[in-house]
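Just below is one structure, and these are the notes that go with it.
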Amino acid sequence: MALRFYNTLTQQSEPFTPLHDNVVRMYTCGPTVYNYVHIGNLRTFTFQDILRRWLQARGYQMEHVMNITDIEDKIIRHAAAANQTIYEYTAQYTQAFLEDTATLRLQRPEHIVKATDCIDDMVSAVQTLEKKGFTYVSEGSVYYRIAKFPEYGKLSHNDFSGIRAGARVDVDEYDKADARDFVLWKAKKDNEPAWQTPFGEGRPGWHIECSVMAMKYLGETLDIHTGGVDLTFPHHENEIAQSEAITGKPFARFWLHAEHLSIDAQKMSKSVGNFYTLRDLVAEGHTPEAIRYLLASVPYRKKLNFTFDGLKAASTSIERLRNYKLRLESAKFPEGVNAQLAERTDAALKAFDEGLDDDLNTAEALAAVFEYIRDTNTAMDSGEFRAGNVAGGLTFLARFDSVFDVLKPTEKTGGLSDADIDALIADRAAAKKGRDFGRADQIRKDLATQGVILEDTKDGVRWKRQ
RNA sequence: GGCGCGGUAGCCAAGUGGUAAGGCAGAGGUCUGCAAAACCUUUAUUCGUCGGUUCGACUCCGAUCCGCGCCUCCA
């Protein structure tokens with residue numbers, strides 16, 4: 001079966017091919033930079049990383065845009081409290097976001113765009129909507145009239161036909177014509193940051209930035225639009241309403257939504273004290289690879305229950321994978337090729353590919369990897385694994401790691417150099433030869449305390465950093 | 001109330017009409033100077049519950065219980 005994704009729009013799994021050539025035009029709702037991103041945000045961003053890596057593995061080129069929301073209520077509030085401009089305030093968290101995603105080995109989208117860099121484009125978009133009669137003004141703010149867009153609700157599968165156009169509904173302080181109408185342009189209040197525009201001083205509503213940036217860089221119809229499930233309504237619904245009102249064309253062909261992450265089966269919240277950022281976890285000694293593995297190993301449409309037991313299990317699984325790779329690279333195997341084993345390797349690789357082709361079923365892909373590892377480890381023990389089978393194994397691991405990217409340990413600063421380690425290993429070998437096991441064990445122990453693990457194999461000593 | 005997701009071994013989790021993948025943890029064993037790594041065996045007569053369809057259901061249908069998300073800019 002070919003590559004296919006579950007499309008929120010149609011509520012079905014559909015075969016995927018890009019609209020134009022070999023290029024996938026994809027848009028991702030990025031962070032609002034008022035704080036460090038938390039592990040739940042990163043679940044969604046990790047899903048997007050797996051998605052783009054798999055599309056590339058399948059031969060597509062990415063044209064991927066992610067926005068940075070750097071003008072918004074919370075930002076304004078926090079910046080004011082910190083006595084900073086919104087630019088100063090958001091710069092630090094934008095930087096932190098880029099660092100965190102790099103730590104988690106997330107590929108950078110081709111375009112990362114700040115909302116405040118696209119104000120003019122947003123103003124034009126609102127003007128276009130105005131011209132087409134989709135807007136009205138209330139208390140200086142410009143609103144989108146959803147009654148003008150009959151398809152409203154098609155993404156979230158909500159039926160809004162019961163809401164009568166023109167019915168007067170008072171919601172909070174805003175005087176909207178219809179409860180579902182949303183703001184395109186907010187009139188300036190107090191000392192809020194604002195831009196001078198034909199509709200007066202103000203700032204953009206949240207939804208317009210995504211419509212504008214997506215179309216600016218990717219054209220009127222995107223191949224894929226992604227985000228967390230909570231964005232389905234109203235954010236993505238509103239993006240569709242805006243974009244399709246402007247162009248008259250479908251905004252995005254595929255909508256992919258990542259399910260949420262919970263902590264110990266509870267919603268993450270600061271008051272419960274189970275609110276984790278990547279920085280928190282790394283500071284506690286958890287590796288970025290283990291976190292990445294855990295976030296990636298549960299298929300993206302399934303709720304992910306984050307636990308420290310799970311994180312430990314992820315770490316152990318990575319160890320097993322690395323040990324296997326080390327064995328493949330360092331052990332000596334008899335000459336020749338085991339053709340049957342080579343065939344099974346191909347079959348495992350195929351199963352891996354098919355797992356990911358099936359709406360990024362990472363659990364199935366991983367199962368294929370581990371089945372292959374057990375199979376070939378057994379063959380190595382019995383001598384059936386030949387030198388000619390090494391390349392196939394390495395190819396499979398490379399394929400796996402091009403998507404999961406967990407095999408290479410994160411560099412730790414300081415510590416022993418490779419030469420130091422080799423010298424100590426030589427000392428230990430000499431001690432062992434003289435049957436001085438006490439000294440040999442001591443060296444191994446000392447190295448272990450510095451994070452270097454020695455393993456004696458029949459082909460000699462091998463070592464790895466923890 | 002509306003829309004959506006889910007309940008599979010101690011934990012995570014795949015499967016979605018033909019008789020329960022995989023990972024972690026646990027138990028026993030092989031190998032080893034010791035350790036590590038690796039391998040083998042073992043851990044769900046059963047897939048929330050109750051009915052129904054079928055030669056056959058975790059998988060389809062109906063009902064029901066439970067958990068969760070969205071429905072005011074939360075990924």
(request) For B/U16 versus B/U59, give the span between their C1' atoms, rounded off to a whole number of Å. (result) 4 Å
(request) Using the closest heavy atom to pick a nucleotide of RNA chain B for each, name whichever of A/D358 or A/F45 lands nearer the 5' end. (result) A/D358
(message) If I pick the C1' atom on B/C50 and the same atom on B/G23, what distance separates them, to the nearest angstrom?
(response) 34 Å
(request) Determine, answering yes or no, if A/F437 is stacked on B/G33 under the 5.5 Å centre rule and the 30° plane rule. (result) yes
(request) Would you please confirm or rule out a distance under 4.0 Å between OP1 or OP2 of B/C74 and any side-chain N or O of A/K74? (result) yes
(request) May I ask you to evaluate whether A/K458 reaches the phosphate of B/A36, defined as a side-chain N or O under 4.0 Å from OP1 or OP2? (result) no
(request) Provide the distance between the two P atoms, one in B/G1 and one in B/G10, to the nearest whole Å. (result) 33 Å
(message) Can you check the distance between B/A57 and B/C39, where both ends of the measurement are the P atom (answer in whole Å)?
(response) 37 Å
(message) With a cut-off of less than 4.0 Å, is there a side-chain N or O of A/R320 near OP1 or OP2 of B/C39?
(response) yes
(request) Taking only the side-chain nitrogens and oxygens of A/N377, find out if one of them lies under 4.0 Å from OP1 or OP2 of B/C39. (result) yes
(request) For the residue pair A/H225 and A/Y27, categorise the inter-ring angle as parallel (less than 30°), tilted (30 to 60°) or perpendicular (more than 60°). (result) tilted
(request) Look at the side chain of A/R301 against the base of B/C5 and say whether a donor-acceptor pair falls under 3.5 Å; ignore hydrogens and angles. (result) no
(message) Taking any heavy-atom pair under 4.0 Å as a contact, classify A/P234: base, sugar-phosphate, or nothing.
(response) sugar-phosphate
(message) Heavy atoms only, 4.0 Å cut-off, all strands: where does A/H257 land among base, sugar-phosphate and nothing?
(response) nothing
(request) Please measure how far the C1' atom in B/G29 lies from the corresponding atom in B/U45, and state the result in whole Å. (result) 27 Å
(request) Classify the side chain of A/N305 and the base of B/C11 as holding, or not holding, a donor-acceptor pair under 3.5 Å. (result) no
(message) Once hydrogens and angles are ignored, does a donor-acceptor distance under 3.5 Å link the base of B/A75 to the side chain of A/R43?
(response) no
(message) Measuring only the P atom in each nucleotide, how far is B/A27 from B/C65? A whole number of Å is fine.
(response) 42 Å
(request) Output the single nucleotide from B/C71, B/C24, B/C3 whose closest atom is nearest the side chain of A/H157. (result) B/C3
(request) Report yes if at least one side-chain N or O of A/T378 is closer than 4.0 Å to OP1 or OP2 of B/C40; otherwise report no. (result) yes
(request) Taking all non-hydrogen atoms of both residues into account, name the closest pair between A/Y372 and A/G393 and its distance. (result) OH-CA, 2.9 Å
(request) Please tell me which of the listed nucleotides, B/G22, B/G15, B/C34, lies nearest to the side chain of A/F370? (result) B/G22
(message) Under 6.0 Å between ring centres: does that hold for A/F308 and A/H286?
(response) yes
(message) Please determine whether a side-chain nitrogen of the Lys or Arg among A/K302 and A/E259 lies less than 4.0 Å from a carboxylate oxygen of the Asp or Glu.
(response) no
(message) Suppose you measure atom P in B/A36 against the same atom in B/U30; what distance do you get, rounded to whole Å?
(response) 15 Å
(request) Give a yes/no on whether any side-chain N or O of A/K302 is located under 4.0 angstrom from OP1 or OP2 of B/A14. (result) yes
(request) Name the pairing partner of B/A63, where a pair is Watson-Crick or G-U wobble with both distances under 3.5 Å, or state none. (result) B/U49
(request) Could you tell me how the ring of A/Y152 sits relative to the ring of A/F182: parallel (under 30°), tilted (30 to 60°) or perpendicular (over 60°)? (result) parallel
(request) Name the nucleic acid region contacted by A/G40, choosing base, sugar-phosphate or nothing; use a 4.0 angstrom heavy-atom cut-off, strictly under. (result) base
(message) In terms of relative ring orientation, are A/F404 and A/Y293 parallel, tilted or perpendicular, with 30° and 60° separating the classes?
(response) tilted
(message) Once hydrogens and angles are ignored, does a donor-acceptor distance under 3.5 Å link the base of B/G33 to the side chain of A/D441?
(response) yes
(message) Among A/H111, A/M26, A/R108, which residue satisfies the side chain to side chain contact (heavy atoms under 4.5 Å, CB included) criterion with A/H64?
(response) A/M26
(request) Would you indicate what A/N323 reaches in the nucleic acid, counting non-hydrogen atoms under 4.0 angstrom: base, sugar-phosphate, or nothing? (result) sugar-phosphate
(request) Write down the partner of B/U42 under the Watson-Crick or G-U wobble criteria, each distance required to be under 3.5 Å. (result) B/G26
(request) Report yes if a side-chain nitrogen or oxygen of A/R327 is closer than 4.0 Å to either non-bridging phosphate oxygen (OP1 or OP2) of B/A38; otherwise report no. (result) no
(request) Please state the P separation for the pair B/C58 and B/A21 - nearest whole angstrom. (result) 14 Å
(message) Taking the nucleotide of RNA chain B with the nearest heavy atom to each, does A/T232 or A/N41 sit closer to the 5' end?
(response) A/T232
(message) B/G7, OP1 or OP2 - any side-chain N/O from A/K303 closer than 4.0 Å?
(response) no
